[in-house]
Number of protein chains: 2
Amino acid sequence: MGKRKNSEKYHRIIEAATKIFADKGFYQTKISEIAREAGVADGTIYIYFENKDDILISLFEERMKEVLDNMREQVSKEGDPVKKLETFALAHLRLVEQNKSMAEIIQVELRQSSKFMKEYKNEQFLEYLELIAEIIRQGQRKGIFRKDIIPGVAKRAFFGALDEMSRFWVLSSRKQYDISTAARQISGYFLTGIKA
Amino acid sequence: MGKRKNSEKYHRIIEAATKIFADKGFYQTKISEIAREAGVADGTIYIYFENKDDILISLFEERMKEVLDNMREQVSKEGDPVKKLETFALAHLRLVEQNKSMAEIIQVELRQSSKFMKEYKNEQFLEYLELIAEIIRQGQRKGIFRKDIIPGVAKRAFFGALDEMSRFWVLSSRKQYDISTAARQISGYFLTGIKA
DNA sequence: AGCCTGTGAATGAATAGTCATTCACCAAAG
DNA sequence: CTTTGGTGAATGACTATTCATTCACAGGCT
């Protein structure tokens, strides 16, 4: 059954689950609801996924890989570490904007995942963070960023700032600030703060 | 039953729940486990709380009020907005350090709250954020912080940076950086970034 | 072409287990 | 004897998961 992941139904289910998980939360979501949304029978879901957890995990991996690749590419287009960070911020927030459901899941459900799937290490996410650390290290090597900045701390601070902004975005209905303004502000003062 | 909240058992249950929610997550936690941990019968819990959700909500309100008051006091001791923010960062991270279980719950479960308790607005938390915004506004009035900073964005960025740092703290067992170093770094570059 | 048959995807009703919540009963205190 | 706080086994609702059955189709046979 190597074709499971290529199947159209596999993707229909993932999409349905993304929508409903984001809407009601993982535990609140019934398999039968996902099935209805995807237009398949309850049982069909178990042809494509091992269990409910597996849907959530698959959904991440499917999407995060994509996001990570995309981000890597965008960042690598820029040579200057300062520009790289600006690009990262903007791209991150744009991604959230364009993909609200997925963002909600990452915001809320993934946070839980470390609990209910102790064994599941979210490699992709760690790599995503590492991307930031790498940019910072590069900037330090070039003498653009202060040497006393600890990349392991800074990457989290930068990501955290963006992430908190996204949370606000995702959870509030009316958008008070537009996304590029927010991105500019965040990368703006962050950069000023770490520049040599 | 006006004495419910003063009762010793009430607090024992809250404490037990805090510990177990943090450990396994809200949905994973059985009432019977909380009861066992608190050393009471299952039914007793329903004398002190309406239902499972109510335990979580009470647990927050009980604790957040305390935290908020404490933070307000510490911050108000400082006159200078720069110092206020530094104090805030350090106090926040210390709080996390001293209260790992509660921090985990805020990290993970509170994020969900808007899902599973639609009606529950977390006022206290919003006030906590507003505390940061207020400091920033004050700094702007005094001409210490740049006028083009949007307090509503900056408060989230600052909190987000701290929060992401805490997450790292809470979820990782070995502490790579000590807390005051992290606090100094974060408030450090944040401040540099927003100073006039 | 028409017929038969093996295959496996898909179905959804039935199962099986889990747990929040209740409540009939207890014991201590007054 | 009555009240009160407490108990924990029993209840009942809820749902993830299973599995016997259906169905559509491919391709071999006459």
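Numbered from 1 within each chain, the chains take letters A, B, ... in sequence-line order. Predicted, not measured: the structure shown is a model, and the values here were computed from it.
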Report task. Specify the separation, in whole Å, of atom NZ of K9(B) and atom C1' of dT4(D). Result -> 12 Å

**Report entry** Residue pairs fulfilling side chain to side chain donor-acceptor pair (under 3.5 Å) with at least one residue in residues 66-80 of chain A, sequence neighbours excluded
**Finding:** R63(A)-E66(A), N70(A)-Q74(A), R72(A)-E127(A)

Query raised in the report: What pairs of residues pass the salt bridge (charged side-chain N to carboxylate O under 4.0 Å, His left out) test when at least one of them lies in residues 132-145 of chain A, not counting sequence neighbours?
Result: E130(A)-R137(A), E134(A)-R137(A), E134(A)-R141(A)

**Report entry** For K19(A), salt bridge (charged side-chain N to carboxylate O under 4.0 Å, His left out) partners two or more places apart
**Finding:** E37(A)

Report summary line: When rounded to whole Å, the CD1 to C1' distance for the pair I47(B) and dC23(C) reads 12 Å

Query raised in the report: Out of dA20(C), dT17(D), dT15(D), which has the shortest distance to the side chain of I31(A)?
Result: dT17(D)

Report task. Please list, chain by chain and in numerical order, all residues satisfying salt bridge (charged side-chain N to carboxylate O under 4.0 Å, His left out) with E86(B), sequence neighbours excluded. Result -> none

Query raised in the report: Please give, in whole Å, the distance from dT18(C) P to K30(B) NZ?
Result: 8 Å

Report task. Take the protein atom CZ of R36(B) and the nucleotide atom P of dC19(C), then report the distance between them rounded to whole Å. Result -> 12 Å

Query raised in the report: Please give, in whole Å, the distance from dT18(C) C1' to N51(A) CG?
Result: 16 Å

Requested in this report: May I ask you to evaluate whether Y46(B) reaches the phosphate of dT7(D), defined as a side-chain N or O under 4.0 Å from OP1 or OP2?
Outcome: no

Report task. Check each of I132(B), L131(B), I135(B) against K84(B) using the side-chain contact (heavy atoms from CB on, under 4.5 Å) test, and report the only one that passes. Result -> I135(B)

Between the protein and nucleotides 8-11 of chain D, which nitrogen or oxygen pairs are less than 3.5 angstrom apart?
unit_1: dG8(D); atom_1: N7; unit_2: G43(B); atom_2: N; d: 3.1

Query raised in the report: Which pairs with one or both residues in residues 39-48 of chain B pass salt bridge (charged side-chain N to carboxylate O under 4.0 Å, His left out), sequence neighbours excluded?
Result: none

Query - Rounded interatomic separation in angstrom, taking CD from Q28(A) and C1' from dC14(D) - result: 12 Å

Query raised in the report: What integer distance in Å separates F26(B):CZ from dC19(C):C1'?
Result: 12 Å

Query raised in the report: Rounded to the nearest Å, what distance is computed from the CD1 atom of residue I45(B) to the P atom of nucleotide dC19(C)?
Result: 15 Å

